[in-house]
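Have a look at the structure below before the remarks.
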Amino acid sequence: MSNAIYFEQIKQLVDLQKVDDAIFAIRQDIERFPRALEDMERRYEETETQRDRILDKLAHLQDQQKRLAVEIDDDTTRIKKSKNKLMQVGNTREYYAMMREMDSMEKINRSREEEKIILAEELQLQNTALTEIDALHAALKEELDIKRSGMDKWKQQVENSLKNLNKKRAKVSKGIPQPVFMRYEFIRVRMEYPVIVPVKDGICSGCNIAVPPQSFIELQRGQQILSCPNCQRLIYWCEHFELSTEPA
Ligand SMILES: [Zn+2]
């Protein structure tokens, strides 16, 4: 074919590729957007699990605190009673026995007081952790709500864009001779994106491999639409395009 027809067809194919670039970008967004939402939902659920765990710990610590308070109370009452009894003891042996008993009761009480302090510290730590996780939980919830309501709007926008692009695609395709268009479509549905690529400095920009010299000479002649022998994509010489078909 003549150079003029060749250039015209390459230009049409590049225009079609531009529409397909936009469609490709939208399709990637369609894949990414719900995944981002899922990630956020997962993080939200994680904070919920963490929160439940902290609440469990807090409940357990509070139980222990109650139990300890009761025990300390009981012991204090018992020690008080023993002190009163001590006044009424008849002999020395009994007196020492009672003193020993009181001594060990006081020791137990002291260790309970220590336990009480440790429990109070642990409670404070868990309460701080709860405050932190509550804040994170609330922030995530808010973000999630915004994202969820944005999702519907975004879907609508994406559908509209795709509809417009498909219209544009039909218009652009109509001008391309059927066999050339079929060749493009054949590659598009079977190969990795994109379909048509420039050759720069003798290198196919689709696969980044040098085009064999014979093919490159033919490509420069500009009379026949060629495929890269390596990746099978349609190729054109970038300098041709810049010189002859840039005007649009
Ligand atoms: Zn290639």
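The figures that follow rest on heavy atoms only: side chains count, while hydrogens, waters and symmetry mates do not.
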Establish, for the pair K147 and F33, whether the NZ or CZ atom is under 6.0 angstrom from the six-membered ring centre and no further than 45 degrees off its axis.
yes

Assess R190 against F186: is NZ or CZ under 6.0 Å from the centre of the six-membered ring, and within 45 degrees of the ring's axis?
yes

Could you check N164 against K167 for side-chain contact (heavy atoms from CB on, under 4.5 Å), going step by step and ending with a plain yes or no?
CA-CA 5 Å; N164 288 335; K167 265 188 217 156; 4.2 Å; yes

Counting only N and O atoms by type, is there a donor-acceptor contact under 3.5 Å from the side chain of [X] to the main-chain atoms of [Y]?
{"X": "R183", "Y": "I225", "value": "yes"}
{"X": "Q17", "Y": "V195", "value": "yes"}
{"X": "N166", "Y": "L162", "value": "yes"}
{"X": "R233", "Y": "I187", "value": "no"}
{"X": "S215", "Y": "V211", "value": "no"}
{"X": "N230", "Y": "I209", "value": "no"}
{"X": "D201", "Y": "I203", "value": "no"}
{"X": "Q12", "Y": "G175", "value": "yes"}
{"X": "S205", "Y": "P198", "value": "yes"}
{"X": "N127", "Y": "L123", "value": "yes"}

Does a salt bridge link [X] with [Y], judged by any charged N lying under 4.0 Å from a carboxylate O?
{"X": "E31", "Y": "R35", "result": "yes"}
{"X": "D74", "Y": "R78", "result": "no"}
{"X": "E48", "Y": "R53", "result": "no"}
{"X": "D39", "Y": "R42", "result": "yes"}
{"X": "R148", "Y": "E41", "result": "yes"}

Checking side-chain polar atoms at under 3.5 Å, does Q50 have a donor or acceptor matched by the opposite partner on E46?
no

Under 3.5 Å side-chain donor-acceptor pair for Y184 and D20
yes

Checking side-chain contact (heavy atoms from CB on, under 4.5 Å) for the pair K11/F7: CA distance, chi angles, key distance, verdict?
CA-CA 6 Å; K11 192 192 165 301; F7 292 147; over 6 Å; no

Close side-chain approach of [X] and [Y], heavy atoms under 4.5 Å:
{"X": "L13", "Y": "Y236", "answer": "no"}
{"X": "L234", "Y": "L226", "answer": "no"}
{"X": "I235", "Y": "I196", "answer": "no"}
{"X": "M105", "Y": "S82", "answer": "yes"}
{"X": "L61", "Y": "Q64", "answer": "yes"}
{"X": "K116", "Y": "E113", "answer": "yes"}
{"X": "V197", "Y": "C228", "answer": "no"}
{"X": "E185", "Y": "R188", "answer": "yes"}

Same cluster or not: I30 versus M40, using hydrophobic residues (I, L, V, M, F, W, Y) connected whenever any side-chain heavy atoms lie under 4.5 Å apart?
yes

Aromatic ring pairing Y6/H240, orientation class (parallel under 30°, perpendicular over 60°, tilted between):
perpendicular

Would you name the heavy atoms of I5 and M1 that are closest together and state the gap between them?
CG2-SD, 3.8 Å

Other residues, nucleotides, ligands: >12 heavy atoms within 6.0 Å of R112 CZ
yes

